[in-house]
4 protein chains.
Amino acid sequence: MSSTQGDALLAAVESGVRVVDLGRQLRVGMPQSPNHPAFSHALPRRHGDMRRADGGSAANDLVSMGTHVGTHIDALAHVSHDGKMHGGIDADDAGRGGKYDLLGVHTIEPMVRRAVLLDIPAFLGTSRCEGGYEITPDDLEGAAKAHDVSVRPGDVVLVRSGWGQLFDEGAAFMGHDTGVPGVGEDGAEWLAAQGAHTVGADTIAFERLARGAGHSLLPAHRVLLVEHGIYIVETLDLEGLAAVGRHQFTLVLSPLNIYGATGSPVRPLAVVPA
Amino acid sequence: MSSTQGDALLAAVESGVRVVDLGRQLRVGMPQSPNHPAFSHALPRRHGDMRRADGGSAANDLVSMGTHVGTHIDALAHVSHDGKMHGGIDADDAGRGGKYDLLGVHTIEPMVRRAVLLDIPAFLGTSRCEGGYEITPDDLEGAAKAHDVSVRPGDVVLVRSGWGQLFDEGAAFMGHDTGVPGVGEDGAEWLAAQGAHTVGADTIAFERLARGAGHSLLPAHRVLLVEHGIYIVETLDLEGLAAVGRHQFTLVLSPLNIYGATGSPVRPLAVVPA
Amino acid sequence: MSSTQGDALLAAVESGVRVVDLGRQLRVGMPQSPNHPAFSHALPRRHGDMRRADGGSAANDLVSMGTHVGTHIDALAHVSHDGKMHGGIDADDAGRGGKYDLLGVHTIEPMVRRAVLLDIPAFLGTSRCEGGYEITPDDLEGAAKAHDVSVRPGDVVLVRSGWGQLFDEGAAFMGHDTGVPGVGEDGAEWLAAQGAHTVGADTIAFERLARGAGHSLLPAHRVLLVEHGIYIVETLDLEGLAAVGRHQFTLVLSPLNIYGATGSPVRPLAVVPA
Amino acid sequence: MSSTQGDALLAAVESGVRVVDLGRQLRVGMPQSPNHPAFSHALPRRHGDMRRADGGSAANDLVSMGTHVGTHIDALAHVSHDGKMHGGIDADDAGRGGKYDLLGVHTIEPMVRRAVLLDIPAFLGTSRCEGGYEITPDDLEGAAKAHDVSVRPGDVVLVRSGWGQLFDEGAAFMGHDTGVPGVGEDGAEWLAAQGAHTVGADTIAFERLARGAGHSLLPAHRVLLVEHGIYIVETLDLEGLAAVGRHQFTLVLSPLNIYGATGSPVRPLAVVPA
């Protein structure tokens, strides 16, 4: 009978791995950006509604939502600047037909990649960054050094601010009255310079948001999505991963293959030795 | 700087892996079971609809759908028999509150597991099984032997019928006039006896469907979901995987964590050596 | 105390009127055009899911649908021809922003108007027009004469084909294999020449549809919506009204005031003497 | 040719009526109860996305929403008390099947009825009632006397608080920080004692809501829907009607005929002499 047939990955899996779930649960009423249709869910059929002659019964669901809800990935089609999407594609033309054929979420290859966690509050010696705090290149570089990891081209870079601790509080996580910590324009340039394939954070918009300013200015989105073609993952749960204490690991991220959409809810996994 | 720090999985990933996408694209009009709300997608905002003062613009989505659409996983809460779900849980009570707290899709742990592909038409020496063909224990066992793999407890078992070749034809894939090949009650018992953790197929309902009978009798669902607590993945794309010629491999499957839902669209990945 | 204070309408209502419902019931699975998102409905909360401390409980709904479902009205924004909407408005420009500000359904004034019923099968001496039958100006004019009514400027004109008898059969009502009877280009010109404000029919698309041709050519939509600014109501139930035997009456039609939409489900009422 | 053939209603319509729209526009982001799925709307197809060979193009919509959004009517199935709906119907049993077959919104007969407007701030000599103000039987009776109208059995009774002036302000209309004026338990009893068929108000919940209390206690819903079988219409626009100065008139209200739903968005019309 078969062994793992020279499959080092499978051998590693069989020897035991730990899967750390980086996704938030999708629940009606969870915090989400008001710019996107709210997540709704209902059961059209429950058990007991109808039973087949053989005793069987099936329950099912109706879901309505934007794609930028819960933990989600932004496709390159999500953002344009001065009428252009990444690669100089005309943003108006690209949307004709009602689907972003060129840079929609269906064009994101599923990821099985090296990832690094840059744990900013651990580096700064705090439990979490304050509302409105801008994570700088020095913070990113300092955290990498403190963790003894380097960001390499093709990596997924997860930036923890600790703000995800507030997710269950709803309004506090949205940070309207406090601002939200995040990577600013300079930090985004630094991430691009390292060759990041995808970046992510534990906040609603990845960006540093000033108090009361809402989502009116999103420079990191421009730098990352438009100028460098780097995907952004938002509303990650990085608390469990931070507790594990590994700063480089395998990340698996498989967006829903929605033809022409600008994003997708995702449930990324960090896979570390058991 | 850091190496992979004793992370055999990451070392395997860095030495090169091939990711085979087992998910179908979610498109308006794709074939799906009429028992579930249809997949709809639209862009509420396109680039050009509104541009911020700084030149930035964001496009977004509105999605409405059942959860048993496209490639998807059935949670244990999906099916009951004689008023009971898996583990003898009262099916009526379980749905109270409008969420299946006990056996909803949020209770499925994300999977990084050994999987085997049982390629039935390859074993039978045909290009695909015929409509209404029942895949028997002998077929499953014979395919495993021909592939030189065994199903072990905890595995994900993917059963290819070849019917997925018809997906793009829509009505033919649904098989109303022809029936659909699939695992029957005996095959489901065999899969359960091997200790499968999850099973999947390249058809709309996993089951063998007789011509004209629709989804009126679903014995494999009863055996797998209700009696044995084994998850079912439907509408997989197994054509590319079959062409790879590997019959055991690492499978990653990360359902959307929808609290209380009976299933979720998924995009499973087979990860094989490059 | 007060009388009707010179309100002749209220006096008429108080003396007794009969309300004839011209709308179809919105049910999951009802026949609707495949060009539009399907009607879905579920109860997120049912009684028994949660009870407040005072014993109260509320159940509610989640609906997902296109607007051209069930009995519905087409706004002028629904159709363009050669890039222009009614009044020569540039159709591309009009949709910018994701709402049809200029000719959306929110621009239709609620209607309390004289309406006439042109009962074509009654005029032709048959129970219903055959699939693919084109209702001509002679039919329309002949029916009006037979009913001793005339169409006046500002009227709502309801054209009965009898095809609505098939609504509950679903596929037969859609008429894919038979075609559907309806007003053709000449009939639409005739209706416009009479000064109709709104027209309606008991079929899926108002138009005469040829067998197997689907909705590929819709000349009456062009004539009515684009060239003349006349609203179209589809999938009416005219059977009950035909049985009443009144061919002129008060019609009330109050579309949902959905900002920027291309149509709305409606439930028009014919109000006749008791 | 024909006259109005003894149709006094049609004669009144032809002599000229004024239609006063009592419905709010359905817009993304409008104020609505957080207990219900939010109103979403998008255009899956816009003109320019696709043009048929003949030059024609059609745009369409995708809507997702609860039914208690915008101006809407509560069906009797919406509320139960101590496990019973109106008429002593067991509320749990009634929802089995996922549709409220017995008291769903499809059971509300379309209305062409006498209505009265009780303009409370006009009676009280203020521009609008304050947040949290409870409208008492004395207020209702006093307003009727001041208007020289009486409520008769079968009437629709519209109670204006003036709070609708805040609709466009969103959060202020919801009244979380101020409370919302409305009819309390005693007022509801008074309305029931007059034999009202349906009642309505220009607020989010009809009820008097105390500051900060949300929708936790809804005694008028119990009295009206459960104990007396009286429908409730919420979020009406009564400002234009108040300006007309008529306190009795014909009201037309035609709910969407959604099988088994607990409510429906509506666009009621007051029809008064021109």
Side-chain angles (χ1 to χ4, degrees), chain A residues 1-2 7-10 12-13 17 19 21 23 25-27 36-37 43 46-48 54-68 78-82 91-92 95 98 106 110 112 114 148-150 217-218 222 248 250 252 254 256-259 261-262 265 267 269 271 273, chain B residues 1-2 7-10 12-14 17 19 21 23 25-27 36-37 43 46-48 54-68 78-82 91-92 95 98 106 110 112 148-150 217-218 222 248 250 252 254 256-259 261-262 265 267 269 271 273:
Chain A
M1 271 301 170
S2 57
D7 185 334
L9 189 84
L10 183 53
V13 167
V17 292
V19 176
D21 185 355
Q25 191 165 76
L26 293 161
R27 294 183 82 114
H36 299 286
L43 301 169
R46 303 183 188 182
H47 299 293
D54 70 344
S57 163
N60 67 359
D61 306 280
L62 173 59
V63 167
S64 171
M65 59 181 183
T67 56
H68 302 259
H78 181 42
V79 168
S80 65
H81 196 76
D82 289 344
D92 264 31
H106 65 286
V112 179
R114 179 179 188 263
D148 192 25
V149 295
S150 58
L217 283 176
L218 301 173
R222 171 178 48 77
Q248 62 175 331
T250 301
V252 186
S254 191
L256 292 184
N257 191 347
I258 309 175
Y259 175 65
T262 69
R267 191 180 188 179
L269 307 176
V271 193
Chain B
M1 272 299 171
S2 56
D7 185 335
L9 189 85
L10 182 53
V13 167
E14 297 210 318
V17 291
V19 177
D21 186 355
Q25 192 165 77
L26 292 161
R27 294 183 82 112
H36 299 286
L43 300 169
R46 303 183 188 183
H47 299 294
D54 70 344
S57 162
N60 67 359
D61 306 279
L62 173 58
V63 167
S64 171
M65 60 181 182
T67 56
H68 301 260
H78 181 41
V79 167
S80 66
H81 196 77
D82 289 344
D92 265 30
H106 65 286
V112 179
D148 192 24
V149 296
S150 58
L217 283 177
L218 301 173
R222 170 178 48 77
Q248 62 177 330
T250 301
V252 185
S254 192
L256 292 184
N257 191 349
I258 309 173
Y259 175 65
T262 68
R267 190 179 189 181
L269 307 175
V271 193

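Proteins come first, then strands; the chains are lettered A, B, ... in the order of their sequence lines, and each starts at number 1.
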Item to check | Inter-residue atom distance B:His36.NE2 - A:Leu62.CG, 0.5 Å rounding | outcome: 12.0 Å
Next on the checklist: If I take atom CG from residue B:Asn257 and atom CZ from residue A:Arg27, how far apart are they, to the nearest 0.5 angstrom?
Outcome noted: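 Reported value, rounded in 0.5 Å steps: 9.5 Å.
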Item to check | With sequence neighbours excluded, residues passing side-chain contact (heavy atoms from CB on, under 4.5 Å) with A:Pro110 | outcome: A:Ser254, B:Val19, B:Asp21, B:Arg267, B:Leu269
Item to check | Residue pair B:Gln248 / A:Asp7, side-chain heavy-atom distance below 4.5 Å | outcome: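 In short, these two side chains do not touch, never coming nearer than 4.5 Å.
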Checklist entry - Are side-chain heavy atoms of A:Arg114 and B:Val13 found at a separation under 4.5 Å? => result no
Heavy-atom pairs under 4.5 Å with chain B - which of [options] has more of them than the others?
options	answer
A:Asp92, A:Leu26, A:Thr262	A:Thr262
A:Gly56, A:Ala59, A:Gly95	A:Ala59
A:Pro273, A:Gly23, A:Gly55, A:Ala8	A:Gly55

Please classify the contact of [X] with chain A as side chain, backbone, both or neither, using a heavy-atom distance under 4.5 Å.
X	result
B:Glu14	side chain
B:Arg46	both
B:Val63	both

Next on the checklist: Which residues pass the salt bridge (Lys or Arg N to Asp or Glu O under 4.0 Å) test with A:Asp54, not counting sequence neighbours?
Outcome noted: A:Arg52
Pick from [options]: which one has the most heavy-atom pairs with chain A under 4.5 Å?
options	result
B:Gly48, B:Ala261, B:Pro265, B:Ala12	B:Ala261
B:His106, B:Gln25, B:Arg222	B:Gln25
B:Val252, B:Thr250, B:Val112	B:Thr250
B:Gly66, B:Ser64, B:Ser57	B:Ser57

Next on the checklist: Between A:Val17 and chain B, with a heavy-atom cut-off of 4.5 Å, which part of the residue counts as in contact: side chain, backbone, both or neither?
Outcome noted: side chain
Checklist entry - Between A:Val271 and chain B, which part of the residue has a heavy atom less than 4.5 Å away: side chain, backbone, both or neither? => result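 When you check distances to chain B, atoms from both the backbone and side chain of A:Val271 fall under 4.5 Å.
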Item to check | Closest contact, heavy atoms only, B:Leu43 versus A:Gly98 | outcome: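 Nearest pair, atom of B:Leu43 first, then A:Gly98: CD1-O, 3.3 Å.
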Item to check | Partner of A:Asp61 by side-chain contact (heavy atoms from CB on, under 4.5 Å), out of B:His78, B:His68, B:Met65 | outcome: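 Filter result, single survivor: B:His68.
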